[in-house]
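Presented below is the structure to which this report refers.
All ligand and atom numbering here is 1-based and tracks the order in the structure.
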Amino acid sequence: MSRYLIERIEAAPNIELMFNTEVAGLGGTKDASLERVRLRSRLSAEESAFEIRNLFLFVGADPATGWLEGCGVTVDRAGFVVTGAQDDKRKAQAASALETSVPGVFAVGDVRSGSVKRVGGAIGEGAQVVAALHGFLGDTARPALNSVSGWQRSDPALSLKVNAAGRYRMEGKFADVNGIKLHYLIAGRGDPIVLLHGFAETSHMWLPLIAKLSDKHTVIAPDLRGFGQSSAPSDGYTKAAMAQDIHALVKSLKYDRIRLVGHDIGLMVAYAYAAQYPGEVDRLVLMEAFFSARHR
Ligand SMILES: Cc1cc2nc3c(=O)[nH]c(=O)nc-3n(C[C@H](O)[C@H](O)[C@H](O)COP(=O)(O)OP(=O)(O)OC[C@H]3O[C@@H](n4cnc5c(N)ncnc54)[C@H](O)[C@@H]3O)c2cc1C
């Protein structure tokens, strides 16, 4: 209810507001007209009857959004879907006022938190969201739906690019490892090769190589902590810690030994990996940067 209406009601001399009170019973004549309403205090359970001939019940709204639980869409205390509020990582991006906390997922109408609960409002938002959806789908820089835990799916555009033969699909996935969410590309079948990208790059730098290697290997290319679609926490950026992220990812994929390739700062992480888990690295390729013992 709007503040304006609340103030009008509070100011009206012929309206008595009774808080913590519920309707306990109705009384009337045989011809079914209402004569009395019994009210019960929720605090004392005390009941009192009033001569009332008309009763209007405002039942409120109870959004059926329980099924959204666990998929990352934020709802307010009453269960309505929150839109227009972006997480920290996405603050730089202009987001639609109808977009939920999950990129590419929109909410309109009564189910949206703060919407005008009227037919006209729902229709207007329904029309408006079409433009927002077109904007989202046309903007390839935005993260894909698979950035949501539990909603992992392959990225068809990438699959086509990497594997024109269609032999193996490449998927963009997320893993909860070492206290962060790590995004990684995975393709092919066979002995695992892990590719670690360099500074200002992401897993996507490996796309041409993934296409070649995925015929004979399972290729895993993560976005290092702080890069791409992986979490960017405020700390944990020692090469040893970043190597532990990758190790946890490898373990989560049930591999005991890997071949490891690092480029640029990925080289330093790869070296820290091999230094910490020497018995779990079959081959190590270090490209285009220096490394030192302190990277362990
Ligand atoms: C008693 C009453 C009187 C009203 N009178 C007026 C009025 O006079 N004027 C006015 O402008 N507005 C009125 N409203 C409000 C108006 O009806 C709503 O604002 C409007 O219908 C909202 O439209 P919507 O599409 O957002 O949601 P809805 O019309 O509620 O449509 C949502 C649909 O989604 C379906 N659904 C829910 N969950 C799922 C699921 N998991 N999977 C698939 N489908 C699902 C539901 O079954 C429903 O069909 C009234 C509402 C009520 C309850």
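By the 4.0 Å N-to-carboxylate-O rule, Glu51 lies too far from Arg36 to be salt-bridged with it.
Ile220 is not listed as a side-chain neighbour of Ile193, based on a closest heavy-atom distance of 4.5 Å or more.
A ring-ring contact (aromatic ring centres under 6.0 Å, His included) check over residues 101-124, counting only residues at least two apart or in different chains, returns nothing. Residue pairs meeting the salt bridge (Lys or Arg N to Asp or Glu O under 4.0 Å) criterion with at least one member in residues 243-253, sequence neighbours excluded: Arg225-Asp245, Lys251-Asp256, Lys251-Glu280. Under the ring-ring contact (aromatic ring centres under 6.0 Å, His included) criterion, the residue pairs touching residues 231-263 are His247-Tyr273, His247-Tyr277, with sequence neighbours excluded.
Looking at His183, its side chain never comes within 3.5 Å of a backbone N or O of Gly172 through a donor-acceptor pair.
Ligand 1 lies under 4.0 Å from heavy atoms of Trp67, Gly109, Asp110, Lys117, Arg118, Val119, Ala122.
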